[in-house]
Number of protein chains: 2
Amino acid sequence: MTKRATLADVAAAAGVSRALVSIVMRGAPGASKVTRERVLAAAASLDYRPDTRARLLRSARSHLLGVVFDVDGPFHSELVEALYPAAAARGFDVTLSARGPRRDESEAARSLLDLGAEALLVLAPDSTPEALSALPVPVVSVLQPQSDPRLSSAATDDAAGIALAVEHLRGLGHRRIAHVDGGRAVGSEARRSAFARLAADDGAEPLVFPGGPSETDGMGAARTLLALQALSSPAELPTGVVVFNDDAALGFLHVLGTAGLDIPADLSVVGYDDSRLAALAHVSLTSVRQDPDALAAAAVDAAAAALDGRRAHTLVPPSLTVRSSTGRPTAGSRETRGRHPSGS
Amino acid sequence: MTKRATLADVAAAAGVSRALVSIVMRGAPGASKVTRERVLAAAASLDYRPDTRARLLRSARSHLLGVVFDVDGPFHSELVEALYPAAAARGFDVTLSARGPRRDESEAARSLLDLGAEALLVLAPDSTPEALSALPVPVVSVLQPQSDPRLSSAATDDAAGIALAVEHLRGLGHRRIAHVDGGRAVGSEARRSAFARLAADDGAEPLVFPGGPSETDGMGAARTLLALQALSSPAELPTGVVVFNDDAALGFLHVLGTAGLDIPADLSVVGYDDSRLAALAHVSLTSVRQDPDALAAAAVDAAAAALDGRRAHTLVPPSLTVRSSTGRPTAGSRETRGRHPSGS
DNA sequence: GCAATCTTCTAGATCGTTCTAGTCCGCTGT
DNA sequence: ACAGCGGACTAGAACGATCTAGAAGATTGC
């Protein structure tokens with residue numbers, strides 16, 4: 001377990017000063033081509049790696065991005081992984097801090113600041129814009145758009161995502177399309193109002209069921225739908241549903257499945273996030289997919305811009321992953337089999 | 001955006017030297033009670049927080065633990081969250097680095113070393129023991145037991161976990177119990193041999209289906225079982241199955257469910273990890289639960305011991321979360337309904 | 001031929017801590 | 001009375017990098 005090499009070691013090996021080695025390692029101007037190569041060779045032979053701690057301590061710019069994420073937030077894992085190459089490509093390092101039931105956002109943020117992060121990327125922040133902008137470094141709200149001029153943001157265009165889902169269903173022939181919303185969850189309002197706008201464009205009354213971000217919320221919405229089904233005429237019932245996210249969609253599907261509905265023959269369901277869950281064979285949920293690489297690039301760019309004093313608010317277009325929870329509506333299929341078939 | 005306070009600021013405010021403030025902040029001996037309180041009051045009024053970078057740079061012991069985890073590894077998220085309080089209780093800070101399809105273990109480890117981590121906790125390492133022990137700091141293998149004397153480890157007692165599952169099934173009245181193994185996945189060998197030992201104790205031939213860690217692997221094992229079912233007499237078929245992990249169990253359940261089997265009437269299934277998946281209402285899988293707090297505490301203790309030159313190898317007992325994928329065997333239920341009922 | 005300029009390089013200060021090696025002071029024991 | 005001791009405190013070096021200011025040598029301008 002030998003000690004790691006320092007700038008001074010490399011300098012001695014190459015026969016130059018420490019300052020010059022620093023210049024070469026940073027790729028800064030001020031070194032001739034030949035010495036540059038000599039220094040790099042010496043560094044390589046000593047297996048030199050700059051010490052992040054010392055670099056952070058001294059330099060005004062630390063080039064370290066702090067990322068606050070949820071340990072099991074939907075889509076967070078894909079995004080975190082995409083952030084590493086995106087940051088590296090722009091000359092940043094990345095350090096992570098997890099938020100969770102036992103560790104809140106401000107605590108996670110503080111520990112990143114102590115490590116010297118010069119900007120923070122907060123994935124789906126749950127603090128207020130005031131609290132975020134009070135931090136002593138620029139903050140980028142990722143996955144949640146922000147209008148606050150003191151913050152930056154990089155998020156998916158939720159209106160476009162809802163539109164993709166609705167247009168997919170319309171293209172399949174669905175005419176009555178409902179939305180199960182996200183309650184008071186982050187992003188719920190944007191998706192709900194986008195849905196309402198689309199329905200209005202079509203001249204229809206928007207059909208929105210109250211929901212939420214969790215499986216349980218989806219199950220509640222499904223029970224509401226079943227109750228409605230017992231009262232209304234089939235022509236008024238939706239044949240396609242866009243659910244707030246995959247978790248809720250899963251609960252929604254579960255209740256309808258045990259009630260005997262056939263998916264997608266009786267009802268087409270679209271989720272949101274294209275999470276691991278949606279891809280399971282057992283679930284196979286058509287879902288709106290957010291683009292992790294584009295979001296990561298936009299987030300890092302926003303951080304870089306914020307460090308130069310400019311605020312950026314980027315919206316990234318989503319795509320749609322079609323699986324087997326959506327299909328053409330089969331008119332009247334429910335009547336032929338009775339309203340509450342007791343599937344077992 | 002005012003600059004953050006330093007030791008010197010606190011020292012000036014309290015009318016003492018920087019060194020004494022340092023002593024007080026670290027809780028080190030060498031300060032009288034009255035000045036200690038005066039310094040703490042000054043620090044609080046200035047909202048002083050020690051700068052991790054400078055502290056790391058100067059002190060031999062950095063008290064920083066680096067954690068390498070999988071962005072979507074089963075159980076990793078729970079464990080990561082449990083690590084924060086466990087480390088804090090022992091005077092360590094935690095910093096994370098994600099491993100994933102696009103970022104390998106050694107790269108993740110290197111970035112932690114550059115930040116000054118004095119020991120590494122690697123969750124379910126995929127490098128060889130040689131590679132891990134070649135790192136210049138102590139390494140703790142978490143979730144995977146190690147026999148290598150150069151490493152430490154903190155893992156769940158897989159033999160006990162398999163025993164819990166098997167005994168649960170036996171207690172329900174199951175006599176023929178099978179295992180779907182994890183193929184070449186981490187931990188598969190331990191669980192398979194534990195299962196074989198239990199079967200041998202019972203005087204039975206161990207019934208092991210080749211599987212793997214993924215949903216697809218579980219689906220394959222289920223098809224093997226269905227093929228066997230078409231050939232054998234019912235008395236020879238298993239009524240209970242212990243699957244390598246929850247992901248595989250999910251695929252296993254999916255194929256059997258679409259083939260018309262009733263779970264748990266026809267077959268009881270136990271998973272492993274008690275992941276978020278298992279808890280979904282849609283799945284409701286009985287599963288072996290690993291204890292995140294106990295594992296986190298053992299892992300941090302192992303790191304602390306390793307820093308003192310001692311190696312520790314801890315096994316933590318698991319528990320069983322019983323859900324609705326297991327129940328009493330209903331003798332002959334399959335015969336009365338035919339072998340391949342076409343459920344829909 | 002001499003000053004001005006550019007390029008290449010270096011010495012030394014600096015970031016905010018911790019650590020080492022003291023100083024100062026009051027107390028004790030003989 | 002004086003060495004010895006331990007508790008409270010401090011000055012200044014150190015950690016490993018970056019940054020500022022400036023020196024040495026080559027090149028250019030007039």
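Residue numbers start from 1 in every chain, and the chains themselves are labelled A, B, ... in the order their sequence lines are given, proteins ahead of strands. In this text the structure is predicted, and so the values were computed from the model without any measurement.
In this structure, the CG atom of B:L7 is 4 Å from the P atom of C:dT17, given to the nearest Å. As a whole-Å value, the separation of A:R4 CZ from D:dG16 C1' is 10 Å. Spacing between atom CD of A:E37 and atom P of C:dT8 amounts to 13 Å, rounded to whole angstrom units. Whole-Å rounding puts the B:L46 CG to C:dG16 C1' distance at 15 Å. At whole-Å resolution of the value, CG in B:L57 and P in D:dC15 are 9 Å apart. Summarising the geometry, the separation between CE on A:M25 and P on D:dG16 is reported as 16 Å, rounded to the nearest angstrom.
Salt bridge present: B:D114 and A:R4 bring a charged side-chain N and a carboxylate O closer than 4.0 Å.
Non-hydrogen atoms lying under 4.0 Å from DNA chain C are contributed by nothing in residues 106-118 of chain B.
Distances from the side chain of B:D51 to the nucleotides D:dC19, C:dC19, C:dG16 place C:dG16 closest. Here C:dT14 is the nucleotide among D:dG16, C:dT14, C:dC19 with the atom lying nearest to any side-chain atom of A:R58.
Within the nucleic acid shown, B:P29 has no heavy atom closer than 4.0 Å to any nucleic acid atom. At a threshold of 4.0 angstrom between heavy atoms, the contacts of B:S22 include nucleobase atoms, whether or not backbone atoms are also involved.
Under the side chain to side chain contact (heavy atoms under 4.5 Å, CB included) criterion, B:S45 pairs with no residue, sequence neighbours left out. Residues satisfying the ring pair (Phe, Tyr, Trp, His ring centres under 6.0 Å) test with B:F92, not counting sequence neighbours, are B:H63.
The stretch residues 87-97 of chain B participates, sequence neighbours left out, in these side-chain hydrogen bond (donor to acceptor under 3.5 Å, both in side chains) pairs: A:T95-B:T95, B:R90-B:D301, B:S97-B:R103, B:S97-B:S111. Applying the ring-ring contact (aromatic ring centres under 6.0 Å, His included) test to pairs two or more places apart or on separate chains, none has a residue in residues 106-150 of chain A.
A close approach under 4.0 Å does occur between a side-chain nitrogen or oxygen of B:R26 and OP1 or OP2 of C:dC19.
B:Q146 places none of its side-chain heavy atoms less than 4.5 Å from the side chain of B:R311.
For the pairing with B:H313, the side chain to side chain donor-acceptor pair (under 3.5 Å) check across B:S152, B:S147, B:S141, B:S153 returns one residue only, B:S153.
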Between the protein and nucleotides 4-11 of chain D, which nitrogen or oxygen pairs are less than 3.5 angstrom apart?
residue	atom	partner	partner atom	Å
D:dC9	OP1	B:T35	OG1	3.4
D:dC9	OP2	B:S32	N	2.9
D:dC9	OP2	B:S32	OG	3.3
D:dC9	OP2	B:T35	OG1	2.8
D:dT10	OP2	B:S17	N	2.8
D:dT10	OP2	B:S17	OG	2.9

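With hydrogens and angles ignored, the 3.5 Å screen pairs no side-chain donor or acceptor of A:D308 with any backbone N or O of A:R310.
B:Q290 and B:D273 are linked by a side-chain donor-acceptor pair at a separation below 3.5 angstrom, with hydrogens and angles left out of the test.
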